[in-house]
Amino acid sequence: SRQRVWRDVLVLFAGMEECRVDPDLVSFNVAAKACQAGTHWEGALDLLATLRSDESSKILGGPDTLSFNTVISACEKAA
């Protein structure tokens, strides 16, 4: 179900590093969207915090409008 897909997506996202694949902005946004769809707002916020970190911002340029809108929507759905 959609409620549980976010867990699988976050496991795959975390596994990217183990496979020496660097996540990009698209992969962050897809993972956040999965959290939003599963009403897992905490995961969406964690992803946004990671994306806003100094290291990620240098590499990826930080979050975009889609990133923020997805996290806001995740929080709204959970409220």
Side-chain angles (χ1 to χ4, degrees):
S1 81
R2 293 184 102 189
Q3 296 287 1
R4 297 181 199 188
V5 169
W6 64 266
R7 290 182 184 144
D8 295 335
V9 171
L10 291 182
V11 167
L12 288 171
F13 186 81
M16 290 175 73
E17 189 173 299
E18 292 175 20
C19 295
R20 297 186 180 131
V21 175
D22 294 326
D24 60 7
L25 185 57
V26 172
S27 58
F28 272 95
N29 286 342
V30 167
K33 183 70 175 172
C35 291
Q36 181 244 353
T39 63
H40 181 58
W41 62 270
E42 299 98 335
L45 280 176
D46 286 345
L47 288 164
L48 182 62
T50 300
L51 194 52
R52 293 187 72 202
S53 71
D54 289 340
E55 184 177 326
S56 290
S57 288
K58 285 180 196 172
I59 297 168
L60 303 174
D64 62 3
T65 303
L66 180 60
S67 309
F68 287 110
N69 287 341
T70 301
V71 173
I72 290 167
S73 179
C75 292
E76 285 176 340
K77 282 187 172 188

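For the numbers below, each heavy atom of this structure counts, side chains included, while hydrogens, waters and symmetry mates do not.
Residues satisfying the side-chain contact (heavy atoms from CB on, under 4.5 Å) test with Glu18, not counting sequence neighbours, are none. Checked against side-chain contact (heavy atoms from CB on, under 4.5 Å), Val9 has the following partners two or more places apart in sequence or in another chain: Val5, Ala31, Ala34.
Taking Ile, Leu, Val, Met, Phe, Trp and Tyr as members and joining any whose side-chain heavy atoms lie under 4.5 Å apart, directly or through other members, the hydrophobic cluster of Val71 also contains Trp41, Leu45, Leu48, Phe68.
Contact detail for Phe13 and Pro23: the closest heavy-atom pair is CE1-CB, 3.6 Å. Taking every heavy atom of both residues into account, Ala44 and Ala74 meet most closely at CB-CB, 3.9 Å.
Of the candidates Val26, Leu51, Leu25, Asp64 forms a side chain to side chain contact (heavy atoms under 4.5 Å, CB included) with just one, namely Leu25.
Within the model, atoms NZ of Lys33 and CG of Leu47 stand 14.0 Å from one another, a figure rounded to the nearest 0.5 Å. Here the OG atom belonging to Ser67 is positioned 9.0 Å from the CZ atom belonging to Phe28, to the nearest 0.5 angstrom. Interatomic distance, Glu76 CD to Asn69 CG, rounded to the nearest 0.5 Å: 9.5 Å. One distance of note links CG of Asp22 with CZ of Arg20; it measures 11.5 Å at 0.5 Å rounding. Here Met16 contributes atom CE and Leu12 contributes atom CG; the two are 9.5 Å apart, rounded to the nearest 0.5 Å. Of the inter-residue distances, the one linking His40 atom NE2 with Leu10 atom CG reads 6.0 Å to the nearest 0.5 angstrom.
Under the 4.5 Å side-chain heavy-atom criterion for Ile, Leu, Val, Met, Phe, Trp and Tyr, Val30 and Val21 are members of distinct hydrophobic clusters.
Without hydrogens or angle criteria, Ser56 side chain to Arg52 main chain gives no donor-acceptor distance under 3.5 Å. Side-chain N or O atoms of Thr70 include one that pairs as donor or acceptor with a backbone N or O of Leu66 at under 3.5 Å. Put simply, the side chain of Ser53 gets close to the backbone of Thr50: a donor and an acceptor are under 3.5 Å apart.
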